[in-house]
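Reviewing the structure listed below.
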Amino acid sequence: MKFGLFGLHRGANADPDVLARRARLAEDAGFESLWLGDHIMLPFGAQALPTLPADQPRLEVVVALGYLAAVTSRVRLGLGVIVLPQRQPVLLAKQLTTVDVLSRGRLIFGIGVGYLEPELESLGASLADRGARTDEYLAAIRAIWAADAPDVDGRYVRFASVMQRPLPVQRPHPPIVVGGSSRPAYRRAILAANGFYGSNYTVAQSESVLREIRALAASLDRPPALGDLEITVTPTEPMTLDLARQYAALGVDRLLLQPRDLDGPEVEALIAMVGETLVGRA
C-alpha cells in the first residue's frame, strides 16, 4: 500500500514556509506522494458550498506543484484532480511538462470533469460540454507529448505543424489518473488512463465502485500499453493499520489521506502517525 497526503494547497499551507516544511516532513515520513486539488473560482453568497469556503486561501495547483518540486526531492507530485475542461490544453501540456522536467519525473496527472457550474462558466466551459472537452483535451495533451507531435483537428482544439520541447521525463507520458464517481469516469479511466481516483469513499463504497469498474472493464478493450489500472482512494474513515489492510484487500493501491483541519496541528500529527504506524506495514 502506498500513502499520499492530500490538501497542502489550502488554508495555512498556502504560506510558503508552512508548505515547504510540511512537504518535507511528509517526504521524510515515507509518504509516496503529495496531491493537490484544483479550484480556481468558488461560488459564494447564496451559491456558497459549506465544504468549499470561497474565502479559504487556495493555491493554484500547477504553480504549487512547481514549488513542491523545488523543496522536495523524492516524493511524487499528484494533481488530485485538475478540472481539465476549464484549462487551455496546449498551455496546460507545457506547464505539466515543466513540472515533470523540474521534478525529474515525479508528476502524476490526475484529471476530472468538474461539477461547479459557476466555476466552469467563468473559465469558458459548461456542465453540458465538460465531458466532451475533457476527452478532447486529454487526447490533445497526449498528442503534444508524443514523440512525432501529430496535428490535432477537433471541435475545441486545433493545431498543426507545431510542437513543444522538451518532452516530459516520464515516457510516453506522466501517469494519467481519472477521478470521478460516474460510469463515464470509470470508462475514461479504463480506456485512456493509468489509474482511477475515488474521493471520500468508505470501505463499502470502495468495494461497490471497484466491482462496477471491473465489470465494465470486462466489456471494454483496455489498451495493453496502459497496464493494470492503479486504484487510488481518499477514505472517509480515520486511518488505522487495520483499515489500510482492508482497503488493500479490495485491491486499492494508494490511499490519499486528508487532514480534517488544515490550519492546526492535525496535519503534522497525521504525517507522524503515517510514518510511525503505516508506512511499510500495510
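Just the heavy atoms: all of them, side chains too, but no hydrogens, waters or symmetry mates, feed the values below. By convention here, the first residue in the shown sequence is residue 1.
Checking Glu119, Glu121, Arg130 one by one against Gln86, the side-chain hydrogen bond (donor to acceptor under 3.5 Å, both in side chains) holds for a single residue, Glu119. For the side chain to side chain contact (heavy atoms under 4.5 Å, CB included) criterion with Pro174, the lone passing option out of Leu96, Ile108, Leu77, Asp100 is Asp100.
The shortest distance between side-chain heavy atoms of Val83 and Arg87 does not fall below 4.5 Å.
Across every non-hydrogen atom of Asp263 and Ala12, the tightest pair is OD1-N, 2.7 Å. The shortest non-hydrogen separation linking Pro235 to Leu256 is CD-O, 3.3 Å. Listed here is the closest heavy atom pair of Pro223 and Ile190: CD-O, 4.1 Å. Val90 approaches Val157 most closely through the heavy-atom pair CG2-CG1, 4.4 Å.
Looking only at atom types and distance, the side chain of Tyr201 has no donor-acceptor partner in the side chain of Ser208 under 3.5 Å away.
Salt bridge present: Asp135 and Arg188 bring a charged side-chain N and a carboxylate O closer than 4.0 Å. Salt-bridge annotation for Arg58 and Asp38: absent, with no side-chain N of the basic residue lying under 4.0 Å from a carboxylate O of the acidic one. Salt-bridge annotation for Glu32 and Arg254: present, with a side-chain N of the basic residue lying under 4.0 Å from a carboxylate O of the acidic one.
One hydrophobic cluster, built from ILVMFWY side chains closer than 4.5 Å, holds both Leu257 and Leu79. Cluster membership check: Val267 shares its hydrophobic cluster with Leu36, using side-chain heavy-atom separations under 4.5 Å among Ile, Leu, Val, Met, Phe, Trp and Tyr.
Between Tyr197 and Phe6, the angle of the ring planes lies from 30° to 60°, which puts this pair in the tilted group.
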